[in-house]
Number of protein chains: 2
Amino acid sequence: MQELKGQRVTNQRRLLLDLIRRVEGHLDADELYRLAKARDPHVSLSTVYRSLRLFKELGLVEERHFIEEHHHYEVKGGIEHHHVVCHGCGKVMEFECPFVERMKKDASNKTGFHILGVEVSMEGYCDRCQERIEGV
Amino acid sequence: MQELKGQRVTNQRRLLLDLIRRVEGHLDADELYRLAKARDPHVSLSTVYRSLRLFKELGLVEERHFIEEHHHYEVKGGIEHHHVVCHGCGKVMEFECPFVERMKKDASNKTGFHILGVEVSMEGYCDRCQERIEGV
DNA sequence: AATGTTATTGCAAATGATTTTCAATTGCAA
DNA sequence: TTGCAATTGAAAATCATTTGCAATAACATT
Ligand SMILES: [Mn+2]
Ligand SMILES: [Mn+2]
Ligand SMILES: [Zn+2]
Ligand SMILES: [Zn+2]
């Protein structure tokens, strides 16, 4: 965990980053808190939030805003991808989007912005919920 | 305001919807509350929230989730568009995105989802902030 | 126009997510 | 070791939004 440069490498940070890296999916603060507490019963929710913010600032994790109010987190560094969320069951699926570069250029031309990040979020119904509702 | 069908057409609803329609931009609940109170001092913040939810359910307004925690609202019905937000000054610009249809199909094929909505959000620096920071 | 039924309102209190405060603890450089 | 700043846990604070409830207003029906 040499990525923590300047900051101290503490037990709770090591544990939390480790969990985020091992657990695949999109954890929220509370899920991470519960997982961490299972291994070290005295981690606190404040520390979870503080660590998530730190990891985000250091570029180690990405914060996702799905439909729910609270945030979800996942490791950063893999292939850039985007998300679809199911309105029926909440399922989240990832996909790669071959249009982002073109979109970026296009939007940059149109707005004059220097664009750093693009996020594509879609919503709809997953295969299972489609047939359950029979044709939405 | 015949769009309110079944529900009652009240003074505060008329006023609020009117304001959202007149004021261009992306209002948040508090801004709308202040504007409304200027015209009718006894509208309440609860009613603003309740009305926003109603308008959203009726498809009269769209809720936007920019960088800040709280939501912003704008009239629905014009041309579908997307947003860039400036990290320097918070400025929001709109643009039309010619790729959404293709993206939708592509993501639908890849995930099996029946996709209803696509939202593209970008972040970066506006022209003004670019030169202020001289090359980010 | 007067009435009765209900949806809607304002206010205050409740909620949920996240942040902050502060005293005690811990990592780590010297 | 020692010293000290960074970090922690616990509780309180904050921020956005929602809810409970009694009073009020909309509007269909006399
Ligand atoms: Mn993901
Ligand atoms: Mn807009
Ligand atoms: Zn589903
Ligand atoms: Zn700017």
Side-chain angles (χ1 to χ4, degrees), chain A residues 1-20 26-58 60-74 85 90, chain B residues 1-20 26-58 60-74 85 90:
Chain A
M1 187 154 59
Q2 201 44 50
E3 307 86 337
L4 296 182
K5 212 171 145 191
Q7 283 87 350
R8 291 180 180 170
V9 178
T10 68
N11 289 333
Q12 16 298 66
R13 284 178 183 170
R14 203 180 347 254
L15 170 59
L16 291 170
L17 189 54
D18 217 60
L19 282 171
I20 299 172
H26 306 89
L27 289 169
D28 63 31
D30 213 68
E31 287 161 354
L32 180 57
Y33 173 53
R34 282 200 296 274
L35 287 175
K37 226 174 23 175
R39 303 212 185 181
D40 176 350
H42 71 86
V43 290
S44 80
L45 187 55
S46 314
T47 296
V48 171
Y49 276 110
R50 282 190 278 237
S51 303
L52 282 172
R53 185 156 34 139
L54 177 66
F55 298 158
K56 185 174 46 153
E57 281 163 11
L58 294 173
L60 302 174
V61 308
E62 286 219 80
E63 189 179 67
R64 302 292 184 189
H65 305 76
F66 298 141
I67 295 172
E68 303 165 287
E69 279 323 301
H70 62 272
H71 305 150
H72 290 252
Y73 300 85
E74 67 180 324
V85 185
Chain B
M1 188 154 58
Q2 201 44 50
E3 305 88 337
L4 296 181
K5 212 172 145 191
Q7 283 88 349
R8 292 178 181 173
V9 177
T10 68
N11 290 332
Q12 20 288 72
R13 283 178 183 170
R14 205 182 344 256
L15 170 58
L16 290 169
L17 189 53
D18 218 61
L19 282 171
I20 299 171
H26 306 88
L27 289 170
D28 63 32
D30 212 69
E31 286 161 354
L32 179 58
Y33 173 53
R34 281 199 297 274
L35 287 175
K37 225 172 26 173
R39 303 211 184 181
D40 177 350
H42 72 85
V43 290
S44 82
L45 187 55
S46 312
T47 296
V48 171
Y49 276 110
R50 281 191 276 237
S51 302
L52 283 172
R53 184 154 36 141
L54 177 65
F55 298 158
K56 186 174 45 155
E57 281 164 11
L58 294 174
L60 301 174
V61 307
E62 286 218 80
E63 188 178 69
R64 302 293 183 188
H65 305 76
F66 297 141
I67 295 173
E68 302 166 286
E69 279 324 299
H70 63 272
H71 304 151
H72 290 252
Y73 300 84
E74 67 180 324
V85 185

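Not measured: the values here are computed from a predicted model. Chain identifiers are assigned alphabetically (A, B, ...) following the order of the sequence lines, protein sequences preceding nucleic acid strands; residue numbering begins at 1 within each chain.
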Phosphate-side-chain proximity, [X] and [N], N/O vs OP1/OP2 below 4.0 Å:
X	N	answer
B:Arg8	D:dA25	no
B:Thr47	C:dG10	yes
B:Asn11	C:dT9	no
A:His71	C:dA17	no
B:His70	D:dC15	no

- Using 4.0 Å as the upper bound for N to carboxylate O, is an ion pair formed by B:Arg14 and B:Asp18? no
- Message: So, under a plain 3.5 Å distance rule, would you say the side chain of A:Arg50 forms a donor-acceptor pair with the base of D:dG9?
- Response: yes
- Message: On DNA chain C, does the nearest nucleotide to B:Ser46 precede the nearest nucleotide to B:Gln12 from the 5' side, or the other way round? Give the residue.
- Response: B:Gln12
- Considering only C:dG10, C:dT18, D:dT7, which nucleotide approaches the side chain of B:His42 most closely? C:dG10
- Opposite nucleotide pairing with C:dT8, Watson-Crick or G-U, both atom distances under 3.5 Å: D:dA23
Quickly work out the [X] [atom1] to [N] [atom2] distance and round it to whole Å.
X	N	atom1	atom2	answer
A:Arg34	C:dA17	CZ	C1'	14 Å
A:Asp28	C:dA17	CG	C1'	10 Å
B:Leu54	C:dT9	CG	C1'	14 Å
B:Tyr33	D:dA16	OH	C1'	14 Å

- Are B:His71 and A:Glu69 close enough that a side-chain donor and a side-chain acceptor fall under 3.5 Å? yes
- Test item: B:Arg64 side-chain N/O and B:His26 main-chain N/O as donor-acceptor pair under 3.5 Å: no
- Item | Under 3.5 Å: donor-acceptor pair, side chain of B:Ser51, backbone of B:Thr47 | yes
- Query: Less than 4.5 Å apart, any side-chain heavy atom of B:Lys37 and any of B:Leu45?
  - Reply: no
- Item | Toward the 5' end of DNA chain D, by each residue's nearest nucleotide, A:Asp40 or B:Tyr49 | A:Asp40
- Item | Sugar-phosphate, base or nothing in reach of B:Arg53, heavy atoms under 4.0 Å | sugar-phosphate
